[in-house]
Engineer: 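Quick one: this structure, given as structure tokens, is what I'll be asking you about.
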Amino acid sequence: MAQIGTDLQAAKAYLEAGNVVGIPTETVYGLAGNALNPDAVLSIFRVKNRPSFDPLIVHTDSLSKLSQFVTHIPDAARLLAEACWPGPLTLLLPRRASIPDLVTSGLPSVAVRIPNHPLTLRLLASLDFPLAAPSANPFGYISPTTAAHVADQLGDQIPYILDGGPAQVGLESTIVGFDEAIPTIYRLGGMAPQLIESLIGPVAIRTHSTSNPQAPGMLSSHYAPRKPLVLLQPGTSPPPGHRTAALAFRHPFGGLSDAHQRVLSPTGDLAEAAKNLFAALRSLDALDVDIIYAELLPNLGLGQAMNDRLRRASVQP
Ligand code: TXA
Ligand code: MG
């Protein structure tokens, strides 16, 4: 069973030996390995049960190291990196051959980001390689926002989980690429599109592509709890029933016990709701109920990314 702790030396030693370790970030916990070591990268795919066509994000701690992994940084990407990193933003950039094919699933671009978490930034600064890290959940399940979430599902397969407390953003990073006529968001996430547009001007949002998705995080099988999840329009209530659980934005639903529902933010704060979303879904999924209802959020700012996750997690009518 994985040890959980805050021992940076232990985490560093495991990573240097080619092992895979749970690491905290501000978005969600990652399952990290040496991005330059194909065997370590292979272990990440194996532990997560992730298909090898789904590429990984490379994490580093400083902009100056970026040129070791990418051949070119477009002006818009540099602007975003300087304004938003460390932060919940991933950039798709043309990769150098130093990054193994396995990391990018053979794509000519590599996904990179500087995560905003003090422990993980110190860990990255102490290593002489970057860390490849997908979210530390079994493929297709809800991403983990605490060390305990990681231990629950992957604890028997990894030696160590670095505990950095609950993730402060709670949604995976926003992914932006620069291969189209205008910068394009391929995954909505912890950095709102409006914020990105305020820095670099208009962006396209292309998170729904059917064939050969640029970012397989777009597939609808992602982020799902095990129980069927049914969406509710804002302000509507689930049907009464004692085998029913529900996720509410601001106000608890009548006709449902407190134990069977979670309120994401009584004050209506979208950032607070985002921080609580995945833990709330996990705890509802663990209840002895047959179905989970989830109220959609106002579709602005982080609400857009949360609604995207809820839609992908929901049963299709
Ligand atoms: O917030 C996050 O991004 C977290 C933390 C741990 O950093 N990581 C994360 O990784 O969410 P993961 O593997 O669960 O999602 C990464 C997404 C996948 O949908 C993958 O397909 C996409 O990034 N991706 C990675 N490299 C790509 C590339 N070269 N081109 C297009 N999409 C890419
Ligand atoms: Mg993931």
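Numbering of ligands and ligand atoms starts at 1, following listing order.
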Engineer: May I ask you to list the atoms of ligand 1 that are less than 4.0 angstrom from any heavy atom of Thr27?
Structural biologist: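 Listed by number with element: 1 (O), 2 (C), 4 (C), 5 (C).
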
Engineer: Test your reading of the structure: does Thr25 have an N or O sitting under 3.5 Å from an N or O of ligand 1?
Structural biologist: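 No; every N/O pair is 3.5 Å or more apart.
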
Engineer: At less than 4.0 angstrom from any non-hydrogen atom of Leu107, what atoms of ligand 1 do you find?
Structural biologist: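 The list of qualifying atoms is 28 (C), 29 (N), 30 (N).
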
Engineer: Give the atoms of ligand 1, by number and element, whose distance to some non-hydrogen atom of Ile175 is under 4.0 Å.
Structural biologist: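 Every atom of ligand 1 under 4.0 Å from some heavy atom of Ile175: 17 (C), 22 (C), 23 (O).
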
Engineer: Where does Arg50 meet ligand 1, judged by heavy-atom distances below 4.0 Å: at the side chain, the backbone, both, or neither?
Structural biologist: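 The answer is the side chain.
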
Engineer: Kindly say whether Asp285 contributes a backbone atom to a donor-acceptor pair with the side chain of Arg226 at under 3.5 angstrom?
Structural biologist: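 Looks like no, no N/O pair under 3.5 Å.
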
Engineer: Does CG belonging to Asp290 count more than 12 external heavy atoms closer than 6.0 Å?
Structural biologist: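 Above 12, so yes.
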
Engineer: Using a cut-off of strictly less than 2.8 Å, determine whether Ser135 has an N/O/S atom near the Mg ion (ligand 2).
Structural biologist: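 It does; at least one qualifying atom falls short of 2.8 Å.
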
Engineer: If you count the atoms of ligand 1 from 1 in the order shown, which ones are under 4.0 Å from a heavy atom of Glu172?
Structural biologist: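 In order of number, 1 (O), 11 (O).
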
Engineer: Please list, chain by chain and in numerical order, all residues satisfying salt bridge (charged side-chain N to carboxylate O under 4.0 Å, His left out) with Asp258, sequence neighbours excluded.
Structural biologist: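 Applying salt bridge (charged side-chain N to carboxylate O under 4.0 Å, His left out) to Asp258 gives none.
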
Engineer: Any idea which part of Arg95 is under 4.0 Å from ligand 1, heavy-atom wise: side chain, backbone, both or neither?
Structural biologist: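 Answer for Arg95: neither.
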
Engineer: Which atoms of ligand 1 have any heavy atom of Asp54 under 4.0 Å away?
Structural biologist: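 Numbered from 1, ligand 1 contributes 18 (C), 19 (O), 20 (C), 21 (O).
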
Engineer: Output the list of atoms in ligand 1 that are nearer than 4.0 Å to some heavy atom of His59, sorted by atom number.
Structural biologist: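 Near His59, the atoms of ligand 1 are 5 (C), 6 (C), 7 (O).
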
Engineer: Going by heavy atoms, is Ser109 under 4.0 Å from ligand 1?
Structural biologist: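 It does; at least one heavy atom falls under 4.0 Å.
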
Engineer: To which of Ala167, Ser173, Gly177 does the heavy atom nearest atom 2 (C) of ligand 1 belong?
Structural biologist: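 That would be Ser173.
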
Engineer: Assess the side chains of Arg113 and Thr27: does a donor N or O sit below 3.5 Å from an acceptor N or O?
Structural biologist: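 A pair is found: one side chain offers a donor N or O, the other an acceptor, under 3.5 Å apart.
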
Engineer: Is it the side chain (CB and beyond), the backbone, both or neither of Leu56 that lies under 4.0 Å from ligand 1, heavy atoms counted?
Structural biologist: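 Leu56 to ligand 1: backbone contact only, side chain stays beyond 4.0 Å.
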
Engineer: So, does Ser105 use its side chain to make a donor-acceptor pair with the main chain of Val103 at under 3.5 Å?
Structural biologist: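 The answer is no, because no donor-acceptor pair under 3.5 Å joins these two groups.
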
Engineer: Heavy-atom contact under 4.0 Å between Thr104 and ligand 1?
Structural biologist: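 So Thr104 does not count as touching ligand 1.
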
Engineer: Of Pro55, Pro134, Pro144, which has the heavy atom at the shortest distance from atom 33 (C) of ligand 1?
Structural biologist: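 Considering heavy atoms of Pro55, Pro134, Pro144, the nearest to atom 33 (C) of ligand 1 sits in Pro55.
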
Engineer: Look at Glu172 together with Arg309 and state whether they make a salt bridge at an N to O cut-off of under 4.0 Å.
Structural biologist: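 Here Glu172 pairs with Arg309 in a salt bridge, since their nearest N and O are under 4.0 Å apart.
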
Engineer: Would you sort out whether Arg95 and Asp101 count as a salt bridge (Lys or Arg N to Asp or Glu O under 4.0 Å), showing the intermediate values?
Structural biologist: CA-CA 10 Å; Arg95 72 154 167 162; Asp101 278 342; 2.5 Å; yes

Engineer: Not counting sequence neighbours, which residues clear salt bridge (charged side-chain N to carboxylate O under 4.0 Å, His left out) with Asp152? List them please.
Structural biologist: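 Expected list: none.
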
Engineer: Looking only at side chains, do Ser67 and Arg96 share a donor and an acceptor under 3.5 Å apart?
Structural biologist: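 On atom types as modelled, these side chains do not qualify, holding no pair under 3.5 Å.
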
Engineer: Crowded around Asp156 CG? As in, over 12 foreign heavy atoms under 6.0 Å?
Structural biologist: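 Count over threshold, so yes.
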
